[in-house]
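I have placed the structure first, in the form of structure tokens, so that the comments after it can refer back to it.
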Amino acid sequence: MNETVDAIGVCIEKGKVNKSSSYPIDLQGQDGADELTLQALTQNIAPDEILKTCNDAMQRIGDKFGRNEVFVPELLMAAKAMNTVMVHLKPFFQAGSIKTKGKFIIGTVSGDLHDIGKNLVSMVVEGNGWEVIDLGVDVKTAKFLKAISDNPNSFVGLSALLTTTMANMASTVKEIKMEYPKTTVIVGGAPLSEESAKIMGADGYAADPQSAVLFLNRKIA
Amino acid sequence: MHIELSQFEIDENTFEVTINYSDIKFDKNDIGNTIGYSDGKLPPHFEEMIDQIITRFPKKCNINAGYRLLNLQHSTDRKDGLLIGNKFFQMDKIVTSQLKKANKAALFLCTIGNEMELWAKDLSQKGDSVLAYLVDIVASSAVESIADILHNRINQAASKLGLNVTNRYSPGYCNWSVAEQQKLFSLLPNNFCNISLSDSSLMKPIKSISGIIGIGTKVKFSQYICDRCGVNDCTHRVYLLSKANKANNIVL
């Protein structure tokens with residue numbers, strides 16, 4: 001693989017946004033994801049090759065997060081570097097030369113204002129080539145239903161942190177499944193488990209952002 | 001540690017407690033623990049960012065705290081909760097087992113205001129998700145610290161009367177439904193501590209804590225209670241475990 005593309009992957013995994021970014025210490029003064037992506041495009045490297053490298057890098061950092069080898073700040077830095085690359089790749093998405101994997105609607109359920117987990121999933125899923133529609137926090141079921149109606153064939157992710165908002169989540173899953181039985185719903189958040197996800201009728205449970213990506217990618221494989 | 005605080009009785013058995021930002025002792029190891037890093041493992045880059053946030057905190061906080069003392073009784077016909085004031089609170093055993101020997105309850109509220117959440121939101125919108133996240137973490141640490149100080153103040157007031165206090169419990173945690181916030185707020189003056197409650201039982205400002213502390217001669221404070229609950233990923237568990245470990249180290 002091309003050296004520049006490899007370096008982009010390293011920048012994503014380590015969260016090196018651009019040359020002026022002081023993070024991480026071991027890459028200080030070097031080109032970051034921003035400069036390297038521009039260089040790669042100037043070298044006529046295919047945008048989808050750059051995207052594939054970024055997806056792999058996001059998967060590596062996501063795996064490390066799942067193993068508690070890195071934490072939220074490192075994951076956010078990686079996502080920030082990834083977003084920088086995506087700014088340069090956006091015209092190619094719009095032109096149709098690279099395609100998103102699908103649409104993923106995400107929100108924190110009604111009664112819950114916690115957004116960190118939801119944002120992380122959102123960024124990692126987007127970094128893996130999905131178009132993310134983020135509905136925010138304290139999202140009522142009707143808003144999820146409207147978003148599904150506006151975006152046919154989309155996948156849905158529900159997030160919750162409070163044990164006590166699991167009932168709201170269960171009711172949202174139930175209503176989505178009643179109205180759109182073919183829509184895939186994945187749930188995640190501290191109080192949940194595989195078992196509770198199954199009981200509430202969700203199609204999947206994601207313990208961390210990378211699990212959400214793996215689940216979604218399996219669904220379109 | 002003795003903290004001098006002033007308290008004003010604004011209504012019968014209802015007190016506003018003055019807490020200054022300088023009363024808050026930020027512990028970067030605790031903040032690191034909350035994120036996931038073990039003691040001393042917080043990367044220097046993020047530690048510097050946290051230092052900057054703490055430096056700006058005094059201009060970004062509007063602290064309010066207070067509590068109301070009410071009678072706590074057992075219901076004659078229901079075992080799944082307790083009567084506080086004129087309201088029956090439905091609670092899990094995790095909570096009732098700690099409060100059942102109390103005969104008074106302090107219903108408390110505290111907040112650091114909304115400046116930190118607005119700052120985090122602004123940073124997030126500008127794409128600085130890391131700093132936004134750390135602002136949120138520091139804000140959470142600050143409001144927990146305010147709750148600790150208020151808890152301590154209530155303990156001091158109770159001690160003068162020969163009474164003890166329990167741990168504090170909040171709707172939304174320990175299997176206690178967040179919807180019970182409505183009852184808790186109904187027992188407090190309107191807009192007490194400048195905190196309001198939404199229909200879905202969420203507080204504004206977000207960085208606020210509400211809850212109940214039991215008071216009586218036969219109650220006690222337990223250093224760590226999370227082993228009674230099955231929610232292993234609870235953010236509050238991380239905070240309490242970090243505090244309990246510190247307390248154990250001091251004792252040893």
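Keep in mind the model is a prediction, meaning the values are calculated, not measured. Naming convention: chains lettered A, B, ... in sequence-line order (proteins, then strands); numbering from 1 in each chain. When reading the values below, keep in mind they use all heavy atoms of this one structure, side chains included, and skip hydrogens, waters and symmetry mates.
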Got a list of side-chain donor-acceptor pairs under 3.5 Å for residues 190-198 of chain A, not counting sequence neighbours?
unit_1, atom_1, unit_2, atom_2, d
S193(A), OG, E195(A), N, 3.4
S193(A), OG, S196(A), N, 3.1
S193(A), OG, S196(A), OG, 3.2
S196(A), OG, S193(A), N, 2.8
S196(A), OG, S193(A), O, 3.1

Q: List in chain and number order the residues that pass side-chain contact (heavy atoms from CB on, under 4.5 Å) with S149(A), two or more places apart in sequence or in another chain; answer none if no residue qualifies.
A: Y180(A)

**Q.** Interface moiety of D199(B) toward chain A, non-hydrogen atoms closer than 4.5 Å
**A.** neither

(Q) Can you tell me how far apart OH (Y133(B)) and CG (L75(A)) are? Round to the nearest 0.5 Å. (A) 10.0 Å

Q: Evaluate the side-chain proximity of H45(B) to S22(A): yes if any heavy-atom separation is below 4.5 Å, no if none is.
A: yes

(Q) Would you say that P73(A) contacts Y37(B) through its side chain, given a criterion of any heavy-atom pair below 4.5 Å between the two side chains? (A) yes

Q. Is it true that atom NZ of K121(B) has more than 12 heavy atoms of other residues, nucleotides or ligands lying nearer than 6.0 Å?
A. no

(Q) Let me confirm one number: the CZ-CG distance from F71(A) to L42(B), rounded to the nearest 0.5 Å. (A) 10.5 Å

Q. Side chain, backbone, both or neither: which part of S201(B) has an atom under 4.5 Å from a heavy atom of chain A?
A. neither

Q) For chain A, which residues of residues 46-64 of chain B have at least one non-hydrogen atom nearer than 4.5 Å to it? A) F46(B)

Q) When rounded to the nearest 0.5 angstrom, what is the spacing between CG in L202(B) and CG in D112(A)? A) 7.0 Å

Q. Do other residues, nucleotides or ligands put more than 12 heavy atoms under 6.0 Å from N190(B) CG?
A. no

(Q) According to side chain to side chain donor-acceptor pair (under 3.5 Å), who are the partners of N194(B), at least two apart in sequence or on a separate chain? (A) none

**Q.** Whether over 12 other heavy atoms sit under 6.0 Å from Y21(B) OH
**A.** no

**Q.** Proximal component of D138(A), with respect to chain B [non-hydrogen, under 4.5 Å]
**A.** side chain

Q: To the nearest 0.5 Å, tell me how far S129(B) OG sits from K80(A) NZ.
A: 6.5 Å

Q) If you draw a 6.0 Å radius around NZ in K174(A), do more than 12 non-hydrogen atoms from other residues or ligands fall strictly inside? A) no

**Q.** NZ (K101(A)) with more than 12 external heavy atoms under 6.0 Å
**A.** yes

